[in-house]
Amino acid sequence: NYDSGWYVGRFVDACLSAGAPLIHPWAEQHVRGRMHATMPRGTHKAHLGDQPLSAHALVNAGWREGVLALLPQTGDPALRSQSQRWLQWIDKVPTSPGLETAVLVDELLRYDPLAPAAADLSGLPKTYHALGAGVFIARSSWTDPDATALVFESGPLGESHRFKNANGLLFWKAGAW
């Protein structure tokens, strides 16, 4: 969704520069939300919130950078190791044209390939509920690439480029919507 990860990263950097670390439940919820909204093969994401960059909703560099920026701000060691595994799972992702250098810089500054990683994502719950956004996501498995996922969005519709899919229901099965 318009590479919002870049904005999250800049916000975190501004807080840290001002001497105000962003250890807040919002950071953990954002990381959990991005992981859960990634479909079972790790190549697509749920169409949530803002209009997607493409109808296919491919996982992109902004999606990855949103987690990279907030990961150090989470206080939960289990979430950190699960997030590290998620980052390895989605690995290299496409970026928006013209942002290749920025992606490289963010990866060099934020990604630690030696950080402890969970063996797999099976320790994550199979459901996720973002109350404020009105999003519910459920999946049949974290380890099966052909798992089924259900995404239901019933949140507020008031902002900017907000995608008009209130009460939208998406199904992901065997690699396709």
Side-chain angles (χ1 to χ4, degrees), residues 1-5 7-9 11-12 22-60 62-90 93 117-177:
N1 61 1
Y2 298 140
D3 291 339
S4 64
Y7 301 111
V8 170
F11 178 70
V12 169
L22 189 67
I23 304 294
H24 191 275
W26 174 84
E28 290 186 6
Q29 287 303 314
H30 184 85
V31 169
R32 289 180 199 283
R34 289 212 175 200
M35 289 194 302
H36 278 82
T38 303
M39 294 298 101
R41 292 190 180 178
T43 55
H44 292 74
K45 60 185 179 175
H47 297 269
L48 297 173
D50 212 346
Q51 300 168 355
L53 285 172
S54 77
H56 303 291
L58 296 171
V59 169
N60 58 30
W63 195 248
R64 180 179 170 88
E65 297 303 314
V67 170
L68 279 173
L70 288 170
L71 191 53
Q73 308 306 311
T74 63
D76 180 351
L79 178 60
R80 285 185 186 205
S81 71
Q82 291 162 338
S83 299
Q84 184 69 15
R85 176 65 188 114
W86 178 83
L87 288 165
Q88 293 169 354
W89 176 49
I90 66 167
V93 293
D120 59 41
L121 297 174
S122 62
L124 289 171
K126 291 181 186 170
T127 60
Y128 175 77
H129 183 212
L131 187 60
V135 172
F136 178 79
I137 302 169
R139 65 179 61 233
S140 60
S141 170
W142 275 103
T143 56
D144 179 3
D146 290 326
T148 300
L150 169 133
V151 180
F152 179 68
E153 185 173 14
S154 184
L157 279 178
E159 298 293 325
S160 181
H161 298 277
R162 184 84 174 141
F163 197 56
K164 305 286 187 199
N165 61 347
N167 297 321
L169 182 63
L170 297 169
F171 287 97
W172 178 270
K173 178 65 178 167
W177 293 110

note = In this structure, CG of Leu131 is separated from CD of Gln29 (nearest 0.5 Å) by 10.0 Å
ask   = Rounded to the nearest 0.5 Å, how far apart are NE2 of His30 and CZ of Arg34?
value = 3.5 Å
Which atom pair, heavy atoms only, marks the closest approach of [X] to [Y]?
X	Y	value
Met39	Ala149	SD-CB, 3.8 Å
Ser154	Phe152	CB-CE2, 3.5 Å
Trp89	Pro40	CZ2-O, 3.0 Å
Ser140	Ala147	OG-CB, 3.4 Å
Ala117	Arg85	CB-N, 3.9 Å

request  = I would like to know whether Val59 and Thr38 meet side-chain contact (heavy atoms from CB on, under 4.5 Å); could you show each step before the answer?
outcome  = CA-CA 7 Å; Val59 169; Thr38 303; 4.0 Å; yes
query = Cut-off 3.5 Å, side chains only: do Lys173 and Thr148 have a donor facing an acceptor?
reply = yes
request  = Start with the C-alpha gap between Ile90 and Arg64, add the side-chain angles, then the distance that decides, and say whether side-chain contact (heavy atoms from CB on, under 4.5 Å) holds.
outcome  = CA-CA 8 Å; Ile90 66 167; Arg64 180 179 170 88; 3.8 Å; yes
Side chain to side chain contact (heavy atoms under 4.5 Å, CB included) partners for Ala37, two or more places apart = Ala46, Leu48, Trp63, Ile137
For Ser81, all residues meeting side chain to side chain contact (heavy atoms under 4.5 Å, CB included), sequence neighbours excluded = Ala118
remark   = With sequence neighbours left out, the residues meeting side chain to side chain donor-acceptor pair (under 3.5 Å) with Thr43 are none
Side chain to side chain donor-acceptor pair (under 3.5 Å) partners of Ser122, counting only residues at least two apart = Asp120
With the side chain counted from C-beta on, respond yes when [X] and [Y] share a heavy-atom pair under 4.5 Å apart, and no when they do not.
X	Y	answer
His129	Val135	no
Leu124	Met35	yes
Phe136	Thr127	yes
Thr74	Arg80	yes

message = Test of understanding: with ring-ring contact (aromatic ring centres under 6.0 Å, His included), list the residues that count as partners of Tyr128, not counting sequence neighbours.
response = His36
note = So the salt bridge (Lys or Arg N to Asp or Glu O under 4.0 Å) pairs with at least one residue in residues 121-145 (sequence neighbours excluded) are none
key: Evaluation steps, side-chain contact (heavy atoms from CB on, under 4.5 Å), between Leu170 and Leu150   = CA-CA 6 Å; Leu170 297 169; Leu150 169 133; over 6 Å; no
All salt bridge (charged side-chain N to carboxylate O under 4.0 Å, His left out) counterparts of Asp76, not counting sequence neighbours = Arg32
key: Partners meeting salt bridge (charged side-chain N to carboxylate O under 4.0 Å, His left out) with Arg41 (sequence neighbours left out)   = Asp146
inquiry  = Using side-chain contact (heavy atoms from CB on, under 4.5 Å), reason through Leu121 and Trp86 one step at a time and then give a plain yes or no.
reply    = CA-CA 7 Å; Leu121 297 174; Trp86 178 83; 4.3 Å; yes
